[in-house]
Peer 1: 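The structure's right below; bear with me while I get my questions together.
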Amino acid sequence: MLDAAKTPPALELRNITKTYTVKQGLIGKRRPLTAVRDVSLKLEKGEVLGLVGESGCGKSTLAKILLGLEPPTSGEVLVDGQALGVQDRLALARRIQPIFQDPYSSLNPRKSIADIVSLPLRIHGIGDAASQQKAVRDMLDVVGLPPRVMNTFPSQMSGGQRQRVAIARALIMKPEIVICDEPTSALDVSVQSQILNLLGDLRAEFGLTYLFISHNLAVVEHLATRVAVMYLGRIVEDVSSDDLFDASAHPYTQALLQSVLTPEPGLGVPDTQLGMAYPNPIDPPSGCGFHPRCRHATNLCSAQAPRPVPHRDGHVECHLHDPETAMFGTD
Amino acid sequence: MANTTVDPLLEEIIGPTPGQLLRKRVFGHQGLMIGAVVLVLITLVALFAPQLAPHDPYAQSLVARMKPPVFLGGTWEHPLGTDHLGRDYLSRLIYGARVSLMIGAIAAAISGVIGTAMGVAAGYFGGRVDAVVTFLINVRLAMPVVLVALAVVAILGGSLTVVIMVLGFLLWDRFAVVMRASTRQVREREYVAAARAIGASTPRLLLTEIMPNILNNLIVVVTLEMAHAILLEAALSFLGLGVQPPTPSWGLMVSEGKNMMLFEPWLVLIPGAVLFVMVLAINLMGDGLRDVTAPENRN
Amino acid sequence: MTDTFLDVKGLTIDIPVGGGTLHAVRGIDFELKRGEVLCIVGESGSGKSLTSLALMGLLGRRIKVRAERMDFDGTALLDASPRQMRSLRGARMSMIFQEPMTSLNPAYTIGDQLMEAMLLHRDVSRAEARARAVDLLEKVGITAAASRLGQYPHQLSGGLRQRVMIAMALMCGPELIIADEPTTALDVTIQAQILRLLVDLVREMGMAMILITHDLGVVARVADKVAVMYAGELVETGLAADVFRAPMHPYTRGLLRCIPQPGKSRRGEPLGTIRGIVPSLVGEVSGCVFRTRCDEAVAACRGTIPQHWPGDGHAFRCVHASGARIAEQEGA
């Protein structure tokens with residue numbers, strides 16, 4: 001907290017909240033749904049922050065806010081220490097670029113590959129047609145695609161090739177931060193590893209900072225330097241990757257880790273003891289959002305929401321680890 | 001270097017271009033081809049009417065009234081006979097194609113512009129804009145087209161211009177409905193989000209990311225509404241409230257022939273058949289275009 | 001009653017496409033005993049889902065299915081009449097699909113859908129069917145089961161829907177369950193629960209299960225036997241323990257190197273890859289289909305590929321008996 005005087009983080013979220021109003025049923029009344037609840041997060045330069053959580057936890061909403069696709073209800077986003085609102089959208093687009101999950105839906109089917117990759121240059125009016133063509137060719141080479149794909153269309157390509165095109169489009173403006181939203185979950189296993197390797201190489205080559213959103217902890221563990229675990233709109237634990245497997249503190253993180261099925265025969269399927277249902281974000285449980293599924297839950301957990309407490313080099317939000325409440329104990 | 005992770009040459013580019021695929025599907029679609037050929041023929045006839053028509057469509061000849069067509073014993077002087085004022089029926093049919101096509105094309109264009117603008121705006125912006133447009137669509141759908149058209153024509157008087165304008169301002173509903181739905185669908189695609197994250201402006205998003213991907217649906221509605229407008233014009237003219245005599249319109253020709261229908265049925269059957277063939281051709285083409293532009297929606 | 005109750009030999013699936021025939025599955029063999037879990041693993045285009053649909057007799061008439069043998073407990077599935085197949089489907093063999101939302105009919109309550117198959121296949125009253133439905137919903141871990149019967153699919157979460165699908169598949173007490181990517185659409189935490197549930201049920205009820213997946217982690221944890229498919233061929237089969245501890249086919253080995261394994265693969269280090277893409281299966285297919293992507297391909301890969309048996313029940317097809325693998329281990 002005190003080191004804010006140093007170089008500002010590449011990206012910082014301060015108390016971001018995003019609330020939607022949803023209508024239930026045909027004549028139901030409108031009710032608020034808080035997708036992201038007072039989230040603060042820092043992303044240092046060159047870091048790969050993995051953001052994990054189940055569907056509905058708010059990780060994609062967070063990504064949309066970071067890309068400027070949705071305004072937060074409250075709180076601010078800082079890029080290099082400057083608040084996002086102050087910067088205009090074009091300036092933001094130069095610094096933060098997305099790579100989406102589904103390479104079949106993220107490329108406009110009516111445009112040629114050259115048009116898709118050069119679109120950022122054209123929108124920002126960078127260079128003339130000839131230099132844009134050259135930039136596209138160079139960028140395609142960087143992501144491992146031959147120049148002859150320039151005149152082809154997305155429908156002619158395989159999923160892995162399309163994802164390379166999406167990466168080329170994201171990187172052509174030389175952004176500092178790339179938001180990868182499940183970039184490999186729609187791909188085959190053998191293609192997934194190619195894309196993960198490519199993302200790793202590009203990070204080293206261009207000094208990129210990644211926010212890597214995924215539900216696959218094995219993938220996150222492989223690529224990320226730090227991992228933030230999200231549950232019901234809150235970051236419940238924020239821990240360095242080195243500590244993730246041996247020093248994760250939150251029971252939810254531990255359950256997630258247990259659910260990772262490594263290809264080791266004979267171990268069987270783990271029992272996560274999570275119960276089943278992810279809570280409905282419209283009716284979040286009282287106190288700690290995780291308490292109905294938590295095997296350590298006590299009366300305190302349903303009564304009072306835990307506060308973030310420092311843990312290793314990050315933080316955790318759990319009564320078990322809060323020195324002031326831990327005395328009420330687990331058992 | 002990043003590109004050492006995979007040898008790109010081993011990844012072949014699969015499949016033909018979308019253009020090649022489209023061409024293959026267009027020329028492989030019988031209905032579409034038949035409709036297109038017929039429509040092109042009718043258009044050519046309309047364009048070259050002065051060269052093709054054997055007589056002046058307005059020239060009356062009281063001595064040559066109600067001559068039968070050749071297949072009913074008439075002469076080659078008037079291959080399709082003459083009407084009750086002795087005007088050459090073939091020439092009137094040929095000039096009538098101009099009226100029908102013009103009304104279909106212009107009315108569809110006017111309503112297309114109105115409906116597409118409303119539909120795309122509603123689909124893209126949602127919220128209040130959507131509520132207003134949806135309300136307008138419902139209002140429009142609650143109005144019976146023929147009755148409203150009759151009323152307007154009755155007040156303003158029938159003329160080609162009035163008919164075209166009335167139809168143009170009445171037939172936008174299907175454009176609005178279809179474009180609204182298509183836009184909503186395309187808006188959610190990630191390439192639109194990607195373009196927004198690049199910093200593309202809203203007009204640019206609408207023009208370059210959304211419009212090209214809803215164009216196929218637009219083309220289908222254009223053909224359907226063209227056929228719709230042509231039939232409505234015929235109906236209005238038949239009721240005497242559309243194109244006014246002596247302009248040769250197919251609907252008017254049916255109307256003028258109806259008094260003699262029992263004795264000279266060909267006076268009604270010939271323009272009726274031509275109208276039928278033209279509307280059928282347009283609909284075949286519309287259906288065909290829907291099939292070839294969105295093959296994933298079939299089966 | 002024989003020990004092996006599902007016996008498939010030389011299963012071939014051809015799909016006529018514009019301009020030729022897509023040889024989607026070419027001569028695959030496998031067998032299954034009661035109480036066993038067979039995982040068919042492969043990437044998209046491997047033909048694993050087609051194989052399962054062929055077993056259920058659910059492929060359209062246009063698609064040609066041939067086999068030397070495809071016997072289910074003595075019934076030749078390919079010779080069975082549509083009527084016989086219908087009485088097998090849902091009663092003695094049933095299927096669980098990937099997407100529980102689209103597999104459940106939104107217009108009917110889950111109670112109706114659960115009871116339908118049973119009322120159709122078994123001579124039972126509605127009350128009996130209802131009791132069985134409640135019983136099974138409880139068994140698959142759904143609380144307040146009786147009250148759930150009146151609910152519609154959209155009122156349930158994805159995990160609950162998949163549980164309902166499983167309960168539905170179990171209604172008539174099938175002997176064989178085919179699950180096609182049953183957990184792919186679910187969150188990891190739910191995936192573990194559903195898989196546990198399936199495996200426990202198979203053991204408890206003495207059923208056999210074919211689980212189709214692309215996820216090697218799922219295979220390793222669930223399977224007794226593994227069949228690795230690539231581009232319509234079975235490239236390696238064997239007991240899960242053998243295939244994972246000593247993978248023989250270059251494709252199996254390549255796949256295992258592709259996945260990050262916490263604690264095993266080092267962070268940030270490049271993962272293994274398999275270059276290239278699956279070849280087109282339209283027209284004549286000969287030799288080893290994997291040769292275009294294989295690092296160990298030699299000229300002989302264009303010819304007939306021999307089958308090797310490195311262990312009991314462990315088989316793979318490759319021109320390299322084991323030499324390539326040994327060379328690789330020495331290199332490592």
Side-chain angles (χ1 to χ4, degrees), chain A residues 48 52-57 158-161 187-198 200-201 203-204 215-225 241-242 244-246 252 255-278 280 293, chain C residues 43-45 141-143 157-160 163 186-193 195-200 214-223 226 239-245 251 254-278 293:
Chain A
V48 179
V52 296
E54 290 170 270
S55 46
C57 73
S158 67
Q161 289 172 324
L187 303 175
D188 268 327
V189 179
S190 62
V191 181
Q192 162 175 300
S193 65
Q194 294 173 2
I195 298 296
L196 289 177
N197 286 348
L198 176 64
D201 292 345
R203 178 186 161 224
H215 68 278
N216 186 336
L217 258 179
V219 167
V220 166
E221 203 269 350
H222 180 77
L223 211 65
T225 53
S241 286
D242 293 324
L244 183 68
F245 276 81
D246 19 277
Y252 180 61
L256 277 183
L257 286 169
Q258 263 194 320
S259 321
V260 176
L261 301 180
T262 50
E264 297 165 279
L267 290 184
V269 186
D271 182 2
T272 54
Q273 299 185 0
L274 264 184
M276 66 178 89
Y278 189 86
N280 183 348
R293 300 172 81 189
Chain C
E43 297 183 277
S44 46
I142 291 180
T143 49
S157 69
L160 277 183
R163 283 167 197 262
L186 304 176
D187 276 312
V188 280
T189 51
I190 311 293
Q191 160 170 301
Q193 292 170 11
L195 288 175
R196 267 186 81 86
L197 175 69
L198 272 174
V199 172
D200 289 349
H214 69 282
D215 187 334
L216 288 164
V218 170
V219 179
R221 302 305 189 91
V222 169
V226 181
L239 296 176
D242 293 341
V243 173
F244 280 91
R245 298 230 168 86
Y251 177 64
L255 271 187
L256 281 167
R257 279 197 302 262
C258 281
I259 42 177
Q261 295 191 44
K264 277 194 179 172
S265 57
R266 296 223 13 111
R267 179 165 322 123
E269 277 192 4
L271 298 163
T273 55
I274 300 175
R275 63 182 188 197
I277 54 171
V278 184
R293 304 176 70 186

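Throughout, protein chains are lettered first and strands after them, A, B, ... in sequence-line order, and every chain is numbered starting at 1.
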Peer 1: Any chance you could measure A:L196, atom CG, to C:I259, atom CD1, to the nearest 0.5 Å?
Peer 2: 12.0 Å

Peer 1: Could you check whether any side-chain heavy atom of C:L195 comes within less than 4.5 Å of a side-chain heavy atom of A:L261, counting everything from C-beta outward?
Peer 2: yes

Peer 1: Taking atom types as modelled, is there a side-chain donor on A:S190 or C:R275 under 3.5 Å from an acceptor on the other?
Peer 2: no

Peer 1: Do you know which of A:V219, A:L267, A:L257, A:T262 has the most heavy-atom pairs under 4.5 Å to chain C?
Peer 2: A:T262

Peer 1: For the residue pair A:V191 and C:E43, what are the closest heavy atoms and their distance?
Peer 2: N-OE2, 4.4 Å

Peer 1: Could you have a look at A:H215, A:E264, A:Q192 and say which one has the most heavy-atom pairs with chain C under 4.5 angstrom?
Peer 2: A:E264

Peer 1: Among A:G56, A:G268, A:G200, A:A204, which residue has the highest count of heavy-atom pairs closer than 4.5 Å to chain C?
Peer 2: A:G268

Peer 1: Between the side chain of A:Q194 and the main-chain N/O of C:I274, is any donor-acceptor distance below 3.5 Å?
Peer 2: yes

Peer 1: Which atoms of A:A224 come close to chain C, meaning under 4.5 Å heavy atom to heavy atom: side chain ones, backbone ones, both, or neither?
Peer 2: backbone

Peer 1: Are the side chain of A:D188 and the backbone of C:S44 linked by a donor-acceptor contact shorter than 3.5 Å?
Peer 2: yes

Peer 1: Taking the side chain as everything from C-beta on, heavy atoms only, tell me whether C:Q261 gets closer than 4.5 Å to A:P263.
Peer 2: yes

Peer 1: Would a distance-only check, ignoring hydrogens and angles, find a side-chain to backbone donor-acceptor pair under 3.5 Å from A:H222 to C:E269?
Peer 2: yes

Peer 1: To the nearest 0.5 Å, what is the distance between CG (C:L271) and CG (A:L223)?
Peer 2: 8.5 Å

Peer 1: Give the minimum heavy-atom separation between A:P270 and C:R221, together with the two atoms involved.
Peer 2: CD-NH1, 3.7 Å

Peer 1: Could you tell me which portion of C:V219 (side chain, backbone, both or neither) has an atom closer than 4.5 angstrom to a non-hydrogen atom of chain A?
Peer 2: neither

Peer 1: Out of A:A255, A:P265, A:G266, return the one with the most heavy atom pairs under 4.5 angstrom to chain C.
Peer 2: A:P265

Peer 1: Taking side chain as everything from C-beta outward and backbone as N, CA, C, O, which of these in A:D242 sits under 4.5 Å from a heavy atom of chain C? Side chain, backbone, both or neither.
Peer 2: both

Peer 1: Closest heavy-atom contact between A:S259 and C:V188?
Peer 2: CB-O, 3.7 Å

Peer 1: Indicate yes or no for a side-chain donor-acceptor contact from A:S193 to the backbone of C:G272 under 3.5 Å, with no hydrogens or angles considered.
Peer 2: yes

Peer 1: Could you tell me which portion of C:L256 (side chain, backbone, both or neither) has an atom closer than 4.5 angstrom to a non-hydrogen atom of chain A?
Peer 2: side chain

Peer 1: Taking all non-hydrogen atoms of both residues into account, name the closest pair between A:E54 and C:T189 and its distance.
Peer 2: OE2-OG1, 2.6 Å

